There are 2 protein chains.
Amino acid sequence: MDDRKFRILQAIIDDYILTAEPVGSRTISKKYDMGLSSATIRNEMSDLEELGYLDQPHVSAGRVPSAKAYRLYVDQLLEQGTLRNLDEETVRAHFTGRAHQMEDIIDQAAQVLSTMTNYLAVVLPPSGRPPVIRNIQLVPVATGSALVVIVTDTGIVRDTVIRYNGQLSSDTLYAISQALTQELSGKTLPEALEVLPEVSRRVGDNADLLRSLSGFLGERKEKGRKPHVAVGGTSRMLTLPEYSDMERVRNLLSLVEARDRLASIVRQNGNVQFTVRIGPESGIPEMENCSIVTATYSTYSGQQGTIGVIGPTRMQYQKVISVLSSMGQQLTELFGHEDGHAGPGDSSDERRHS
Amino acid sequence: MDDRKFRILQAIIDDYILTAEPVGSRTISKKYDMGLSSATIRNEMSDLEELGYLDQPHVSAGRVPSAKAYRLYVDQLLEQGTLRNLDEETVRAHFTGRAHQMEDIIDQAAQVLSTMTNYLAVVLPPSGRPPVIRNIQLVPVATGSALVVIVTDTGIVRDTVIRYNGQLSSDTLYAISQALTQELSGKTLPEALEVLPEVSRRVGDNADLLRSLSGFLGERKEKGRKPHVAVGGTSRMLTLPEYSDMERVRNLLSLVEARDRLASIVRQNGNVQFTVRIGPESGIPEMENCSIVTATYSTYSGQQGTIGVIGPTRMQYQKVISVLSSMGQQLTELFGHEDGHAGPGDSSDERRHS
DNA sequence: GTTAGCACTCACCTTGATTGAGTGCTAACA
DNA sequence: TGTTAGCACTCAATCAAGGTGAGTGCTAAC
């Protein structure tokens, strides 16, 4: 594959990304002046098709880039690596990150990603190693019930109201809290659950309360709260010509509705900084003519989150990669501080993600 | 309008709800045996059209019920009132309400509503009078930062990490918490904000911490966290023939994406138990050929939430009304206890809704 | 190796005829 | 007077036929 072929292929991909229509030889010869006649282009295109880079919907239509072609194209894009920070300022302008709740922040991130790329954006909250307990506090809510607040090292707070028989004063609850904190801090939630019976004996006669607590921890362990998955730009996708087909729209929509499935598709497993999965590369049947581009961000506590964009295979890879890169960087910055926020005097919390 | 006309109209509506196709006179005469020939039906239909109950897409098509017709139909349904509890058991079977978080519960409710009706379901969290503070607790998170937990009478918990200079022991924080609780309990958030400077003076030398707290309360007051709106069944809507038109799908989708707008559309203002808005009755341009049926549920603290179903004007009103009614009842039951949950030994909390 | 020219293919559009569901009207009937 | 059979009429939807044009592959000349 010589340089000229590559340039022609690139022109075809560019044009197809723009128009979503099969590209003819004459278009290339005229719009992208290569100093070659359409006949020559035609010969080259024929070769490219033989090499597997182009497909032909039917004999009298133009050519369409194959997944293999996009792969080449993207690899070449990533190699030169100049695009990384192209959209940094625009992202910074749109994404303020000024919100109290983790959920609001990732919602906003998804919003910005989708408006900037015009594709479907998905943002997963940070996750990673199991959080370690730092502090447990029981706050009286009403007679016979208390709020359990567990502060972990990742800044995550888990809380639930538990009920118990009898009446305990605020001070008693505080005393129990202190005892529990002393006994359980440094442990993960499953570990805490294990030693709880023993601790219970030592702490004393509030067996009932501790049973409730144990029940809560147990439930949490097995099915932690499902993490909030932020999605943006679903309606934007419908303006694309590839989604004039109802079947595909339905597919997309049900994927978006099944958040956990969506999350599992988007989530990155390795710890590479980027992933670009083109069409069938993802191995997901419904995603055959979609591409999935993901990047990661990380928090001060070493947890990792994923941001991703899903679009048609003919997506604007440069733009998407550049925007994702900038957004990843900014989220990492934002979560790089202990309280999870940039800006002095800012109050914050990060919670509700397991 | 005599009885026979009404029966014919009813048959037309029933058939149209089923098929979504204009109904002809022969269909009525054959399928719904009225003991009348198609010619007679035709005369009656002509009258019904003149009365404004039927529309004709074009001269050689059947008739389609108008909004006025549905209104009559629904009013008649509601009048007989027998349908209320038809689906109670089915709802109970699908909707367990076994979840810790308010958000999970309303998500599940939306899910059940949409699967049972096959339309778009929306569930709004309870809202109402401003919550009153019951307990404030500061939980140490790390050096120089603490988690503020505010328990209110509605069971709502608001929390955020605040930062302060210096170092405060767990016991000191507890002492401050107790003082704050004593001073501020019984007050609403804005009231608390007002008296905080004075309290601050009395409590002593932790001016910095209290300034942070004040800042937090102030921010909360002006822009409370936007409530979580649960939506289910978006993709289900696409199977309806009325959504083979892309324009409508796009409309629907962007509405679903704009949760706050969706909430304002669904939310009931009066305190009637039911609302059925048919087509243009809603006054919302995009909803011209949709109907919106809503019901309410309430919590032990007197707050009120809304559940709603959005479907085409030709929706299955009986089914929808019956399901909504049962669900409203069950949510009211579920939130009828102080801890917001049915079932003994269940732990729970309700939070994250302003 | 490149290009002009030409025959060929095939999706897409237009046109026109056909079909069939449905109506409105009229005249006959109970 | 209300009901019905019959008939002419309308009009969306379907289908086949023909035309159009974008695009290709091949060949021969440069």
Side-chain angles (χ1 to χ4, degrees), chain A residues 1-9 11-16 18-66 69 241-242 244-246 314, chain B residues 1-9 11-16 18-66 69 241-242 244-245:
Chain A
M1 169 124 139
D2 57 19
D3 182 60
R4 192 174 74 176
K5 272 196 183 47
F6 186 75
R7 268 182 18 247
I8 290 173
L9 181 59
I12 293 171
I13 295 176
D14 283 339
D15 201 75
Y16 188 70
L18 215 67
T19 64
E21 305 266 305
V23 188
S25 54
R26 231 177 95 79
T27 311
I28 299 301
S29 147
K30 272 203 331 189
K31 273 210 326 206
Y32 307 77
D33 45 7
M34 311 236 133
L36 291 172
S37 80
S38 66
T40 311
I41 307 283
R42 216 140 55 223
N43 290 330
E44 294 288 43
M45 280 166 94
S46 180
D47 291 355
L48 282 167
E49 185 174 355
E50 210 164 311
L51 288 166
Y53 290 110
L54 294 178
D55 289 329
Q56 205 168 14
H58 58 264
V59 64
S60 82
R63 303 301 213 292
V64 167
S66 68
E242 19 271 288
S244 54
D245 178 25
M246 256 310 169
R314 57 157 198 110
Chain B
M1 169 124 138
D2 57 20
D3 183 61
R4 192 174 73 180
K5 271 194 182 53
F6 186 75
R7 269 183 15 248
I8 290 174
L9 182 59
I12 293 171
I13 295 175
D14 283 338
D15 201 75
Y16 187 69
L18 214 68
T19 64
E21 304 266 305
V23 188
S25 54
R26 234 177 94 80
T27 312
I28 298 302
S29 150
K30 274 203 330 193
K31 273 208 326 203
Y32 306 78
D33 47 7
M34 311 236 133
L36 291 171
S37 78
S38 66
T40 311
I41 307 280
R42 215 138 56 220
N43 288 330
E44 294 288 43
M45 281 166 93
S46 179
D47 290 355
L48 283 167
E49 185 174 356
E50 211 166 311
L51 289 165
Y53 291 110
L54 294 177
D55 290 329
Q56 205 169 13
H58 59 263
V59 66
S60 82
R63 303 300 213 292
V64 167
S66 68
E242 18 271 289
S244 53
D245 177 26

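In the text below, chain A, chain B and the rest are named by the order of the sequence lines, each starting its count at 1. Bear in mind that the values here come from a model prediction, so they are computed numbers and not experimental data.
- Residues B:Met45 and B:Gly24 approach most closely at CE-C, 4.2 Å, considering heavy atoms.
- Residues A:Leu36 and A:Arg7 have side chains not in contact (no heavy-atom distance under 4.5 Å, counting atoms from C-beta outward).
- The CD1-C1' distance, from A:Ile41 to D:dA22, rounds to 16 Å in whole Å.
- Between A:Asp15 atom CG and D:dA22 atom P the separation is 15 Å, expressed in whole Å.
- Whole-Å rounding puts the A:Asp47 CG to C:dT2 P distance at 11 Å.
- Between A:Leu51 and A:Lys5 the shortest side-chain heavy-atom distance falls below 4.5 Å.
- Within the 3.5 Å criterion, the main-chain N or O of A:Asp15 finds a donor-acceptor partner in the side chain of A:Thr19.
- The backbone N or O of B:Ser37 sits nowhere less than 3.5 Å from a side-chain atom of B:Ser29 that would complete a donor-acceptor pair.
- Looking only at side-chain heavy atoms (C-beta outward), B:Leu54 and B:Leu9 come within less than 4.5 Å of each other.
- Within the 4.5 Å cutoff, the side chain of A:Arg63 has no heavy atoms near those of the A:Leu48 side chain.
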Could you write nucleotides 1-17 of chain D as a row of B, S and -, 5' to 3', where a protein heavy atom under 4.0 Å of any base atom gives B, of only sugar-phosphate atoms gives S, and otherwise -? --SBBB---BBS-----
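- Interatomic distance, B:Ser38 OG to B:Ile41 CD1, rounded to the nearest 0.5 Å: 8.0 Å.
- Counting only Watson-Crick or G-U wobble pairs whose defining distances are both under 3.5 Å, the stems of 3 or more consecutive pairs in DNA chain D are C:1-30 with D:1-30.
- Distance B:Leu48 CG to C:dG22 P: 17 Å, rounded to the nearest Å.
- Straight-line distance from the CG atom of A:Leu54 to the C1' atom of D:dT24: 13 Å, rounded to whole Å.
- The CE-P distance, from A:Met45 to D:dT24, rounds to 5 Å in whole Å.
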From CA spacing to verdict: side-chain contact (heavy atoms from CB on, under 4.5 Å), A:Val23, A:Lys31: CA-CA 11 Å; A:Val23 188; A:Lys31 273 210 326 206; over 6 Å; no
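- Remark: nothing in residues 24-32 of chain B comes within less than 4.0 Å of DNA chain D through any heavy atom.
- The closest side-chain heavy-atom distance from A:Asp14 to A:Tyr32 is below 4.5 Å.
- One N or O on the side chain of B:Ser66 and one on the backbone of B:Gly52 form a donor-acceptor pair closer than 3.5 Å.
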